[in-house]
There are 2 protein chains.
Amino acid sequence: MIKLIDIAKKLGLSLTTVSRALNDYEEVSSKTKELVRRTAKELGYVPNKFARNLALKKSHLISLLYDDYQETISYQSFTFEVIAGVRNYFGRTPYDLIIVPGNLKSDKREPLKNICYSRGIEGLFVVGIRTNDPYIEELKRDFIPAVVVDYPLMTKKVTYIQSDNLKGCKLAVDYLVSRGHGRIAFINGHDLAAVSPLRLNGYKTALKSNGIPFDKGIVKAGNYTEKSGYDAVSQLLKEKADFTAVFAASDLMAVGAIKALKEKGLKVPEDIAVVGFDDVFFAEYSHPSLTTIRQHKFDLGYIGAMELHGIIENPERPLRSRKIDVELIIRESA
Amino acid sequence: MIKLIDIAKKLGLSLTTVSRALNDYEEVSSKTKELVRRTAKELGYVPNKFARNLALKKSHLISLLYDDYQETISYQSFTFEVIAGVRNYFGRTPYDLIIVPGNLKSDKREPLKNICYSRGIEGLFVVGIRTNDPYIEELKRDFIPAVVVDYPLMTKKVTYIQSDNLKGCKLAVDYLVSRGHGRIAFINGHDLAAVSPLRLNGYKTALKSNGIPFDKGIVKAGNYTEKSGYDAVSQLLKEKADFTAVFAASDLMAVGAIKALKEKGLKVPEDIAVVGFDDVFFAEYSHPSLTTIRQHKFDLGYIGAMELHGIIENPERPLRSRKIDVELIIRESA
DNA sequence: AGTAAAATCCAAAGCGCTTTGGAAAGTTTG
DNA sequence: CAAACTTTCCAAAGCGCTTTGGATTTTACT
């Protein structure tokens with residue numbers, strides 16, 4: 001492995017000059033710069049980032065915190081796309097992404113502080129954290145810049161980003177209302193996801209703005225799995241609840257809901273309309289294809305990453321949380 | 001940030017002794033070890049990995065090379081699950097995973113060598129590489145331990161891992177034959193995926209072992225997208241080809257195939273049976289749910305990672321490529 | 001030509017850790 | 001009790017880079 005000093009020796013220059021030439025300092029003439037650069041390339045010189053980081057006290061490392069084992073596998077695709085956005089953004093910067101061992105879920109994890117300090121990590125991008133995760137407390141200590149997806153956390157160094165859940169629910173409900181539905185059942189997810197109460201609230205708000213009374217009887221709690229959607233609708237049917245449409249807080253639950261409806265001989269959307277949330281990629285391929293609220297997952301990652309970058313480079317700037325727009329995707333199910 | 005020398009000063013010990021105490025060297029008495037460890041903990045000491053790496057010339061860094069922008073979004077879930085396996089394996093080791101900026105696809109990427117050398121990366125885990133990717137040439141230069149998924153590459157330091165495609169095809173064809181199908185159409189993927197020829201070959205082999213002649217007329221080339229599956233089958237139908245079953249080299253193409261069949265009023269599986277490949281997660285939720293060949297994606301990652309770890313820690317050990325077992329998942333479509 | 005200013009360059013220290021080669025203290029032997 | 005080990009510790013060098021504080025050379029101006 002060839003290093004700076006080798007170039008210096010070969011050229012009869014000092015270490016300092018070589019370093020400066022490569023880093024484009026003004027104190028070195030353009031001729032020597034050129035010379036140094038050329039020979040560096042010739043010799044196949046590659047700078048050693050560790051040494052550099054050590055000297056600069058800068059790691060250019062962002063750590064990704066996410067969970068592999070979401071209970072609903074569909075959530076994986078959400079996470080993956082968000083990460084794609086993060087990666088894409090930081091690809092334009094000198095930052096690398098690092099995934100530290102272990103899982104968000106595992107209980108014998110290292111404290112966040114250790115993870116970050118030992119590796120000189122400069123920022124954290126968190127996706128898929130549960131509301132009961134102890135890391136949240138650590139994040140609140142505010143010792144490192146962080147952006148978290150879908151969990152409201154605002155301190156001096158950490159902020160959050162999420163889809164506009166309120167608007168999403170409004171789009172869904174308004175659309176159903178516009179199609180003549182007055183009795184819209186709602187299937188929510190569990191409380192370990194911070195978005196669940198938001199979506200319930202969005203549902204209520206949208207009902208109100210349409211002059212429709214909220215009826216606790218046609219709201220069911222699910223847990224984002226297909227089965228929970230299936231169970232919720234089965235339950236509603238058994239109770240002979242009065243509804244002509246179902247709004248599910250996730251696509252997977254919507255799929256489950258549809259399955260339950262079909263089994264009872266009900267047609268979607270003719271008898272009961274169904275709207276999902278997320279627009280995971282199979283929404284398009286399920287049958288009937290799902291009308292749903294699309295989250296822009298890539299943007300969530302990309303813009304979140306941009307925000308994180310901002311916090312790191314410009315710590316004084318006041319933070320803001322970001323809301324990413326959502327979109328109603330009309331397909332067959334409603 | 002507190003460092004070794006601080007502990008040393010506080011305890012009136014030398015830097016050396018403190019370092020050795022923390023690293024459990026024999027040359028230091030257990031009393032001092034204990035003392036040092038305790039005060040280290042008290043002071044909240046966290047070792048600086050950069051400094052450590054620099055001194056040890058060891059980074060404990062594995063780089064993940066993968067592509068965010070597969071043309072078929074379903075491939076994302078494959079990649080994600082493989083990576084989950086990799087992460088899970090290395091979570092038990094001192095290695096971290098790093099994602100270097102940029103994308104497998106982008107053409108103005110850094111040479112692999114630079115990426116690795118500048119960060120002291122010790123191993124590469126590659127998933128989703130195309131057959132025409134220039135990185136393949138670099139990998140062949142054999143300058144760094146690597147494990148690649150689904151692309152056959154075997155040198156002193158790099159090996160590969162893949163699902164047992166041959167067996168997968170045999171399972172699919174045998175199953176269809178056992179259900180009375182003698183005319184099985186095949187929709188393959190494009191040649192940028194190294195698995196495509198393997199699957200075609202598996203199809204042929206399986207036909208032969210069942211005494212069924214190979215008929216080029218019912219084999220179509222797709223590109224792993226839903227549309228290509230749709231087009232392939234539409235084409236077959238237009239040509240009035242003689243077939244009672246379709247075997248698609250990916251689930252997404254299988255879904256497309258089913259769509260085309262339905263549109264022509266054919267029932268799946270009653271009129272035409274369809275089998276896919278991969279078992280991506282929506283296979284279960286499509287309609288009819290897909291009979292398919294399941295790839296154990298997590299294992300691909302986990303075992304591949306284990307292999308990579310082996311290459312790094314024990315470079316002399318002869319390499320072997322690995323085949324991961326596949327499984328026939330019988331659902332409704334066949 | 002003589003001097004000030006600008007342009008180049010360099011030696012050495014420092015980033016936080018590990019490791020080498022001894023030295024000092026403690027223990028065991030003959 | 002001295003010699004010979006053992007045990008326990010340490011000073012200093014090194015990992016490959018950046019940066020400080022000067023030194024030296026070149027250019028510009030009277």
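As the structure is a computational prediction, the values presented were derived from the model and not from experiment. Naming: A, B, ... by sequence-line order, numbering from 1 per chain.
Within 4.0 Å (heavy atoms only), A:Asn23 reaches sugar-phosphate atoms of the nucleic acid but no base atom. Backbone-only engagement by A:Gly12 is indicated by non-hydrogen atom pairs under 4.0 Å involving sugar-phosphate atoms exclusively. Contact annotation for B:Ile5: no contact, since no heavy-atom pair falls under 4.0 Å across all strands.
Counting only heavy atoms from C-beta on, A:Leu56 has its side chain closest to D:dT19 among C:dG16, D:dT19, C:dC9. For B:Arg20, taking side-chain heavy atoms from C-beta onward, the closest of the listed nucleotides C:dT20, D:dC9, D:dG16 is C:dT20. Of the candidate nucleotides C:dC9, D:dC9, C:dC17, C:dC17 has the atom nearest to the side chain of B:Arg52. Distances from the side chain of A:Leu13 to the nucleotides C:dC10, C:dG14, C:dG16 place C:dC10 closest. The side chain of A:Tyr25 lies closest to D:dT19 when the candidates are D:dT20, D:dT19, C:dT19. Taking only side-chain atoms of B:Thr16, from C-beta outward, the nucleotide of D:dA12, C:dC9, C:dG16 with the closest atom is D:dA12.
No side-chain heavy atom of A:Leu61 sits under 4.5 Å from any side-chain heavy atom of A:Glu122.
Applying the ring pair (Phe, Tyr, Trp, His ring centres under 6.0 Å) test between A:His60 and each of A:Tyr95, A:Phe50, A:Phe90 identifies A:Tyr95 as the sole match.
Look at A:Ser29 and you'll find a side-chain N or O under 4.0 angstrom from OP1 or OP2 of C:dC9. OP1 or OP2 of C:dC10 has at least one side-chain nitrogen or oxygen of A:Ser14 nearer than 4.0 Å. Residue B:Ser19 places at least one side-chain N or O closer than 4.0 Å to OP1 or OP2 of C:dT18. Contact annotation: A:Lys31 does not reach the phosphate of C:dT8 (side-chain N/O to OP1 or OP2, under 4.0 Å). Checking the phosphate oxygens (OP1, OP2) of D:dC17, a side-chain nitrogen or oxygen of A:Tyr45 falls inside 4.0 Å.
Figure legend: B:Arg322 and B:Tyr160 shown without cation-pi pairing, the cationic atom not lying both under 6.0 angstrom from the six-membered ring centre and within 45 degrees of its axis. A cation-pi contact links A:Arg87 to B:Tyr66, judged by a cut-off of 6.0 Å to the six-membered ring centre and 45° from its axis.
For the pair A:Asp6 CG and D:dC15 P, the computed distance is 11 Å after rounding to whole Å. The CG-P distance, from B:Asn53 to D:dG14, rounds to 21 Å in whole Å. Rounded to whole Å, the distance from CD1 on A:Ile7 to P on C:dC9 is 15 Å. Note: CG (A:Leu54) to P (D:dT19) measures 12 Å, nearest angstrom. D:dG14 atom P lies 24 Å from atom NZ of B:Lys58, rounded to whole Å. Atom CD1 in B:Ile2 sits about 12 Å away from atom C1' in C:dG16, given to the nearest Å. C:dG16 atom P lies 10 Å from atom CE of B:Met1, rounded to whole Å. Rounded to an integer number of Å, the gap from NZ of A:Lys3 to P of D:dG16 is 4 Å.
Side-chain contact check for B:Thr16 and B:Ser19: no donor-acceptor pair (N or O, by modelled atom type) lies under 3.5 Å.
Nearer to the 5' terminus of DNA chain D, by closest-nucleotide assignment, is the contact made by B:Glu26 (compared with the other of B:Lys57 and B:Glu26). Between A:Val28 and B:Glu27, the residue anchored closer to the 5' end of DNA chain C is A:Val28, taking for each the nucleotide with the nearest heavy atom.
Enclosure of atom NZ in B:Lys156 is not indicated, since only 12 or fewer non-hydrogen atoms of other residues, nucleotides or ligands lie within 6.0 angstrom.
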